[in-house]
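Notes to accompany the following structure.
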There are 2 protein chains.
Amino acid sequence: MQPIKIVPARERITATLRKAILAGEYQSGQELSLTQIASDLGVSRTPVREAFQTLAAEGFIDLRMNKGAIVKNIDEKFVTDHFEMRILLEGEAVYRATNRHYDVSKLLADCQYAADNPQKFSLQDYTALNQQIHTSIWKAADNQRLYELLKNFWNGPSVSDGNELTHHLISVQEHIKMLTLMKSGNAKEAREVMTDHIKRSMNNILQSFQDRKL
Amino acid sequence: MQPIKIVPARERITATLRKAILAGEYQSGQELSLTQIASDLGVSRTPVREAFQTLAAEGFIDLRMNKGAIVKNIDEKFVTDHFEMRILLEGEAVYRATNRHYDVSKLLADCQYAADNPQKFSLQDYTALNQQIHTSIWKAADNQRLYELLKNFWNGPSVSDGNELTHHLISVQEHIKMLTLMKSGNAKEAREVMTDHIKRSMNNILQSFQDRKL
DNA sequence: AAATTAAATATCGTATACAATATCCAATGT
DNA sequence: ACATTGGATATTGTATACGATATTTAATTT
């Protein structure tokens, strides 16, 4: 029998709040009531305060002495800023991983399999594959600080426009292109493909922002 | 009479612990006892726990469920990783600020004054000037996410070899060189000077690591 | 009526209390 | 001697308590 993983309340709360903020469930600049959230989630204020510290360090809320927390404005500018940084950081990771001759054959084979057998892949499968490709590259870049930054930036705005499957199908093609360039040691071009890949993600999200307004 | 700024305990504790970690006062991988630290600092465990959340998000400690926190290994690799990222991020900030035609004349004048009147500048003055130059550029880059990252990265390893004044004198020259390039709109070269500037900082710190071992 | 003050209320920051988990150590059995 | 187990001890995670700050509301003064 395998042990069940107990997740600390603070982590659940952090994830819940982060998700809500990124989903735009709070008005920009809205005050986050510690008491309110604690009672809403059925916990005491202590773990919520801890979650606030994390979210503040991640840049999603601001803490003001004796005046509670306020949510940052998750608007188009935020999304753009966020993804421009992801482009810089993920690009750097690809560049470094390539120059360190990271062996991408396993990832490439997985992508090829996904491309050739789309009927066997669920949304979750694609998401898992996508995440594995990115995290593998982060690690291969061999810079602890870069890895941490990318891990944090992974928690960012994401698409929810109903076309996730289509996006994933395109993603697989982009990943194949990028991994092939990595395999041949072409660091600069691999980075460019990564840049375009993330830019496309960003545009999808910006598009859903536009749509929401109409 | 002007109001005294009250600093929350959690922030004092965060700063204290971060400083201690970066100064190498904890063995690598050493456990941070919540109870111990709380009693050492004369506070309860609550604000210490909050500090832990922040430090974990900043990447200086790891938190393990029910097993406390352990300090990350602040060795040469960490320093190198850290500064390579600062180079990437600060370089990007300079590049962006330049292309946005940020007006550097005020900063340049201050640097010139410092260069011409070194006798009027204390260590604190230099530190303040240094920080102002960097933060100004961060803001001028006009990317909120980048700004937050740089703010965090400012809390990193620092020199303490007794030659701080000499370092600052060199820094002023480097800043003048960089700001001049920014003024003339030469983003790429300005970035290179920033890169060299931070690399020199890094090497000083790495040097003091070497010295400590001998 | 407008401005100011004072009391009541709510919320925050920190300390303490309590329950759950992990660690240590001695006693037991092989 | 070595491994195992059961309980004592310590430390963590979460809840609650308490004092301080901020906010709101009502009363008072001009």
Side-chain angles (χ1 to χ4, degrees), chain A residues 1-21 25-72 155, chain B residues 1-21 25-72 155:
Chain A
M1 171 186 174
Q2 81 173 352
I4 321 156
K5 196 186 174 189
I6 302 289
V7 178
R10 61 166 187 269
E11 285 182 21
R12 286 201 325 270
I13 297 164
T14 305
T16 303
L17 292 177
R18 184 167 42 216
K19 200 173 158 191
I21 291 169
E25 289 176 24
Y26 296 105
Q27 303 268 37
S28 86
Q30 180 177 343
E31 277 202 18
L32 287 183
S33 164
L34 202 53
T35 317
Q36 179 83 49
I37 291 170
S39 80
D40 282 357
L41 300 179
V43 295
S44 77
R45 299 181 316 149
T46 312
V48 179
R49 289 183 65 82
E50 293 183 344
F52 276 18
Q53 295 304 317
T54 303
L55 291 170
E58 289 176 353
F60 295 122
I61 64 176
D62 280 329
L63 299 177
R64 301 160 310 163
M65 179 65 166
N66 281 322
K67 298 222 256 171
I70 55 174
V71 246
K72 286 263 180 78
N155 295 318
Chain B
M1 172 189 175
Q2 90 169 343
I4 324 155
K5 197 188 172 188
I6 302 290
V7 178
R10 60 166 188 268
E11 285 183 21
R12 287 201 324 270
I13 297 164
T14 305
T16 304
L17 291 176
R18 183 166 44 216
K19 201 173 157 192
I21 292 169
E25 289 175 25
Y26 296 105
Q27 303 266 41
S28 85
Q30 181 177 342
E31 277 201 19
L32 287 184
S33 164
L34 203 53
T35 317
Q36 180 82 50
I37 290 170
S39 79
D40 283 357
L41 300 179
V43 294
S44 77
R45 297 180 316 149
T46 312
V48 180
R49 288 181 66 81
E50 293 183 344
F52 276 17
Q53 296 304 316
T54 302
L55 292 170
E58 290 175 353
F60 295 123
I61 64 175
D62 279 329
L63 299 177
R64 301 159 312 166
M65 179 64 168
N66 282 323
K67 299 223 257 171
I70 56 174
V71 280
K72 286 263 181 78
N155 295 318

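Reminder, nothing fancy here: chain letters follow the sequence lines and each chain counts from 1.
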What is the minimum heavy-atom distance between [X] and [Y], and which atoms define it?
X        : Y        : value
Leu32(A) : Tyr26(A) : CD2-CE2, 3.6 Å
Phe52(B) : Leu17(B) : CE1-CD1, 3.7 Å
Gly59(A) : Lys72(A) : O-NZ, 3.3 Å
Val71(A) : Gln27(A) : CG2-O, 3.5 Å

CD1 (Ile37(B)) and CD1 (Ile13(B)) are apart, to the nearest 0.5 Å, by 9.0 Å
- Does a side-chain heavy-atom distance below 4.5 Å link Gln53(A) with Leu63(A)? yes
Contact span of DNA chain C against chain B, any nucleotide atom under 4.0 Å from a heavy atom, 5' to 3', runs dG13(C) to dT23(C)
Go through Thr14(B) and Glu50(B) one step at a time and tell me if the side chain to side chain contact (heavy atoms under 4.5 Å, CB included) criterion holds.
CA-CA 8 Å; Thr14(B) 305; Glu50(B) 293 183 344; over 6 Å; no
For nucleotides 7-16 of chain D, 5' to 3', base contacts (B), sugar-phosphate-only contacts (S) and non-contacts (-) with protein non-hydrogen atoms under 4.0 Å give -----BBBBB
